[in-house]
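Source: prediction; values computed, not measured.
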Amino acid sequence: SPTNHLATNPELLELTRAEGGANLMRGARHLVEDLGRAVAGKGPVGTEAFAVGDTVAVTPGSVGIYVCGVTPYDSAHVGHAMSLIVYDVLVRYLRWRGHQVTFVSNYTDVDDKLIDRGATMGLDPLELANRNIAQWEAEQERLGLLKPDVRPRVSTEIANIIAMTEEIVRHGFGYVTPSGDVYFRVRAKADYGKLSHRNIEDLRTGTRFEPGEEKEFPLDFALWKAAKPEEPASVRFDSPWGPGRPGWHIECSAMSRRY
């Protein structure tokens, strides 16, 4: 709803800032406590719904936090603010405990929604993304939020994303279609669906498989999308499979591994 947009509702922006230390931060308390104990080596991290085993630091005393950021096709809303407030509390707490924290939050500035909204508004999708990112970062500053140490953008990480996609295909977990799309082969991953406690057949229920699709299996998802004639040149990138752009799932995988 437009009334939830921080940019068009100054009172909401100020309320979010004022209430962040109380109502919104209470929602983060259990997450912060669990992760704090895990990083300190004093117990497992998890929630009532899903438990994870003991956490072991890759580098003792160092913590990497990657927060999937916004797809900036529109103004930010209160949900975006709540998400960053949660991780702001977590980063501050871990640093207070003496840990070296690398805080990364990305921008998905190459995406179907940006292309579609840009076409509607008569704007290049990257121009639209830049406009909304600048607005969102100004709002983060007004909320008193920490700046991430790294703010990668999909548009500047294409080589990294292509490299990971090639790696996935090389190991048999992905495949290239005649049209130049690349899909992840979900049936090649024996425990696919583990995090949601569902198996492939459960997940397949209700999915549609359109005639003419080049997928091997309905649940396979796009790692790389071949460019369409009507798409702007700014979001067409050269790749081993022809011009195109990343699929949504692979972007954060590549950026989180890099940073």
Please check: side-chain N/O of [X] versus main-chain N/O of [Y], any donor-acceptor pairing under 3.5 Å?
X	Y	result
D149	V104	no
H99	V101	no
S105	V67	yes
T120	D116	yes
H171	I168	no

In residues 239-248, what donor-acceptor pairs under 3.5 Å come from side-chain atoms, sequence neighbours left out?
residue	atom	partner	partner atom	Å
S239	OG	W224	NE1	3.4
S239	OG	W241	N	3.0
S239	OG	G242	N	3.3
S239	OG	G242	O	2.6
R245	NH1	D112	OD1	2.8
R245	NH2	D112	OD1	2.5
R245	NH2	E231	OE2	3.0

Exercise. With sequence neighbours left out, what residues match K113 under side chain to side chain contact (heavy atoms under 4.5 Å, CB included)?
Worked result: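 With neighbours one apart ignored, the set is Y73, D111.
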Please report, to 0.1 Å, the donor-acceptor pairs under 3.5 Å made by any side chain of residues 123-130, with sequence neighbours excluded.
residue	atom	partner	partner atom	Å
D124	OD1	S234	OG	2.7
D124	OD2	L126	N	2.9
D124	OD2	S234	OG	3.1
N130	OD1	R153	NH1	2.6
N130	ND2	L126	O	3.2

Exercise. Would V186 and F217 satisfy side chain to side chain contact (heavy atoms under 4.5 Å, CB included), going step by step from the backbone distance to the final call?
Worked result: CA-CA 8 Å; V186 300; F217 187 68; 3.7 Å; yes
Side chain to side chain, [X] and [Y], heavy atoms closer than 4.5 Å:
X	Y	answer
Y87	L146	no
Q100	R95	no
F237	V110	yes
I65	L90	yes
W136	P72	no

Nearest-0.5 Å distance, [atom1] of residue [X] to [atom2] of residue [Y]:
X	Y	atom1	atom2	answer
I250	T165	CD1	OG1	4.5 Å
S179	K225	OG	NZ	14.0 Å
R198	I200	CZ	CD1	12.0 Å
R117	T71	CZ	OG1	12.0 Å
E139	L84	CD	CG	11.0 Å
L94	S62	CG	OG	11.5 Å

Which heavy atom of [X] sits nearest to which heavy atom of [Y], and what is that distance?
X	Y	answer
P232	R236	O-CG, 3.3 Å
N132	S75	OD1-N, 4.2 Å
S253	S256	O-OG, 3.2 Å
N106	C68	OD1-CA, 3.3 Å
Q135	A76	NE2-N, 4.3 Å

For this session: For side chain to side chain donor-acceptor pair (under 3.5 Å), just list the numbers for Y192 and N199, CA-CA rounded to whole Å, side-chain angles, deciding distance to a tenth of an Å, and then say yes or no.
Result: CA-CA 7 Å; Y192 185 82; N199 59 43; over 6 Å; no
Quick one: side-chain hydrogen bond (donor to acceptor under 3.5 Å, both in side chains) partners of [X], sequence neighbours excluded?
X	answer
S155	D109
R92	D88
T177	E214
R257	E167

Exercise. Is the closest basic N to carboxylate O distance between K147 and E137 below 4.0 Å?
Worked result: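 Between E137 and K147 there is no salt bridge, as every charged N stays at least 4.0 Å from the carboxylate O atoms.
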Run the ring-ring contact (aromatic ring centres under 6.0 Å, His included) test against [X] and tell me which residues pass, sequence neighbours left out.
X	value
Y175	Y183
F184	F221
F173	none

Exercise. Do the side chains of V150 and I158 join up, straight or via other hydrophobic residues, at under 4.5 Å, putting them in one cluster?
Worked result: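 Same cluster: V150 reaches I158 through Ile, Leu, Val, Met, Phe, Trp or Tyr contacts under 4.5 Å.
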Problem set entry | Within one Ile-Leu-Val-Met-Phe-Trp-Tyr cluster: M164 and M255, side-chain cutoff 4.5 Å |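 Same hydrophobic cluster.
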For this session: Using the salt bridge (Lys or Arg N to Asp or Glu O under 4.0 Å) rule, collect all pairs that involve residues 172-184, keeping only residues at least two apart or in two chains.
Result: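 Sorted result for residues 172-184: empty, none.
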For this session: Verify the distance criterion only: is there a donor paired with an acceptor across the side chains of Y107 and E251 at less than 3.5 Å?
Result: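 E251 and Y107 do not have a side-chain donor-acceptor pair below 3.5 Å.
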Exercise. Of all residues at least two apart in sequence or in a different chain, which pass the salt bridge (charged side-chain N to carboxylate O under 4.0 Å, His left out) check with K189?
Worked result: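 K189 satisfies salt bridge (charged side-chain N to carboxylate O under 4.0 Å, His left out) with D191 only.
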